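Along the sequence shown, residues carry numbers from 1. Just so it is clear, the structure is predicted and the values come from calculations on it, not from any experiment. Whatever order the structure lists ligands and atoms in, that order sets their numbers, starting from 1.
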Amino acid sequence: MLELRAATKTYDDGHPVHALRETSLTVEEGDYVAITGASGSGKSTLLNLLGLLDVPTTGSYRVLGLPAHELAESHRGAVRGQVFGFIFQNFHLLNGRSALENVELGMLYGPYNRRERRRRAWETVERLGLAHRALADPRRMSGGERQRVAVARAVAGRPRVLFCDEPTGNLDSANTATVLDTLRGLNEEGLTVVVVTHDPGVAAEGRRRIEVSDGTVTEVEVPA
Ligand SMILES: Nc1ncnc2c1ncn2[C@@H]1O[C@H](COP(=O)(O)OP(=O)(O)OP(=O)(O)O)[C@@H](O)[C@H]1O
């Protein structure tokens, strides 16, 4: 489904920063991959490449067989909107819009019309136990509720791959459990999940483990 081949990422910060050294990585449909590593090791860089938020400096990247590294940004954006969902640590929800509207907005670049977006948004908000808060402004919600809205927004359009950057970063244990249960359930239904985390408990959810150290990516054996 996702295939990085001999990919590198070098930032120009006055001097070259080798954020990702030559990396080849394949993610299969239905995988649950946890990416761990120290601060500054290159995890976000790897996630940005996999999520088509950035392009490799050298090497290639294929998404569903498409050569993403050769596509125009508009085409990459279309693939991103139709195939991928994202959950970030700081939610990035729009204040002044209801939870439901936030979830609908997450599908704006997908294939669904307005009515279908509304239907899917309701269904997903209910699934995440937020029906009673659907019309609330995120500013008036708890951290755990906001994160569940962010999860709903990312998955309502039924993406093929879900990328998460510290999805439970600021949550207490009960809310962390809700988010992890949701991710596990969606993965069991076939969603491919790629999660960057510092939390060993979150990493343990992955059936594959990728360690990033100083820009070098290594797959670690996970005991069955
Ligand atoms: N836009 C940029 N320009 C220059 N250097 C960058 C840029 N983005 C990241 N870096 C550098 O690339 C390296 C990898 O950064 P990256 O954000 O991928 O690390 P990370 O593992 O996600 O860290 P953290 O866990 O702290 O978020 C770091 O040395 C960082 O300082």
Side-chain angles (χ1 to χ4, degrees), residues 1-27 31-63 68-74 76-77 79-80 83-93 143-144 146-147 150-151 153-154 159 161-173 175-176 179-180 183 192-222:
M1 173 159 262
L2 311 177
E3 189 179 16
L4 267 182
R5 220 181 258 169
T8 67
K9 183 70 192 181
T10 305
Y11 296 111
D12 182 3
D13 200 14
H15 61 97
V17 178
H18 300 291
L20 202 67
R21 297 175 193 277
E22 196 171 294
T23 298
S24 294
L25 177 67
T26 304
V27 177
D31 270 353
Y32 195 140
V33 183
I35 300 173
T36 56
S39 177
S41 58
K43 302 181 299 296
S44 302
T45 302
L46 176 61
L47 198 73
N48 288 345
L49 293 186
L50 292 173
L52 291 177
L53 297 166
D54 204 351
V55 284
T57 309
T58 59
S60 68
Y61 181 41
R62 288 180 181 271
V63 176
H69 56 290
E70 290 171 354
L71 301 178
E73 170 50 28
S74 59
R76 270 202 305 279
V79 175
R80 206 161 50 222
V83 184
F84 295 163
F86 295 90
I87 302 173
F88 301 99
Q89 177 172 8
N90 295 321
F91 318 136
H92 299 309
L93 296 175
R146 280 205 294 274
Q147 185 64 317
V151 173
R153 180 186 54 187
V161 187
L162 180 64
F163 294 103
C164 316
D165 199 350
E166 296 289 358
T168 60
N170 297 316
L171 300 182
D172 62 21
S173 57
N175 281 305
T176 294
V179 169
L180 292 184
L183 295 183
T192 305
V193 178
V194 179
V195 54
V196 163
T197 185
H198 282 110
D199 182 338
V202 177
E205 290 284 313
R207 270 178 278 108
R208 291 177 62 189
R209 186 86 51 83
I210 306 285
E211 260 290 322
V212 188
S213 173
D214 209 6
T216 300
V217 172
T218 316
E219 178 139 13
V220 182
E221 277 298 317
V222 177

Please answer whether the main-chain N or O of Arg21 pairs with a side-chain N or O of Thr23 as donor and acceptor at a distance below 3.5 Å. yes
Any donor and acceptor pair, going by atom type alone, linking the side chain of Ser24 with main-chain N or O of Ala6 inside 3.5 Å? yes
Identity and distance of the protein heavy atom lying nearest atom 11 (C) of ligand 1: Val17 CG1, 3.9 Å
Looking at atom 30 (C) of ligand 1, tell me if a protein heavy atom falls under 4.0 Å from it. no
Has Gly40 got any heavy atom lying under 4.0 angstrom from an atom of ligand 1? yes
Which ligand 1 atoms are under 4.0 Å away from a heavy-atom of Lys43? 18 (O), 19 (O), 20 (P), 21 (O), 22 (O), 23 (O), 24 (P), 25 (O)
Any side-chain donor near an acceptor of the partner, Thr8 and Glu22, under 3.5 Å: no
Less than 3.5 Å between some nitrogen or oxygen of Thr45 and one of ligand 1, yes or no? yes
Which residue, Leu2, Asp31, Val33, forms the side chain to side chain contact (heavy atoms under 4.5 Å, CB included) with Thr192? Asp31
Numbering as shown, the atoms of ligand 1 that approach His198 to under 4.0 Å (heavy-atom distance): 25 (O)
In terms of the angle between their ring planes, are Phe163 and Phe86 parallel, tilted or perpendicular, with boundaries placed at 30° and 60°? parallel
What residue and atom, counting heavy atoms only, is the protein's closest point to atom 4 (C) of ligand 1, and at what distance? Tyr11 CB, 3.4 Å
Quick one: does Gly215 get a heavy atom under 4.0 Å from ligand 1? no
Report, one line per pair, each donor and acceptor closer than 3.5 Å where one atom sits in a side chain of residues 42-55; sequence neighbours left out.
from  : atom 1 : to    : atom 2 : distance (Å)
Lys43 : NZ     : Gly37 : O      : 2.9
Lys43 : NZ     : Ala38 : O      : 2.9
Thr45 : OG1    : Tyr11 : OH     : 3.1
Asn48 : ND2    : Ser44 : O      : 3.4
Asp54 : OD1    : Lys9  : NZ     : 3.2
Asp54 : OD2    : Lys9  : NZ     : 3.4

Could you check atom 12 (O) of ligand 1 against the protein and tell me its nearest heavy-atom contact, residue, atom and distance included? Ala19 CB, 3.4 Å
To the nearest 0.1 Å, how far is atom 17 (O) of ligand 1 from its closest protein heavy atom, and which atom is that? Ser44 CB, 3.7 Å
May I ask you to decide if the ring planes of Phe88 and His92 are parallel, tilted or perpendicular, using 30° and 60° as cut-offs? perpendicular
Donor-acceptor list for residues 194-201 side chains, cut-off 3.5 Å, not counting sequence neighbours:
from   : atom 1 : to     : atom 2 : distance (Å)
Thr197 : OG1    : Asp199 : N      : 2.9
His198 : ND1    : Glu166 : OE2    : 2.6
Asp199 : OD1    : Gly201 : N      : 2.7

Are any of the N or O atoms of Gly42 closer than 3.5 Å to those of ligand 1? yes
Do side-chain atoms of Thr57 reach the backbone of Thr10 as a donor and acceptor pair under 3.5 angstrom? yes
Using a strict cut-off of 4.0 Å, indicate which atoms of ligand 1 neighbour a heavy atom of Ala38. 21 (O)
Ser39 heavy atoms within 4.0 Å reach ligand 1 at atoms 23 (O), 24 (P), 25 (O), 26 (O)
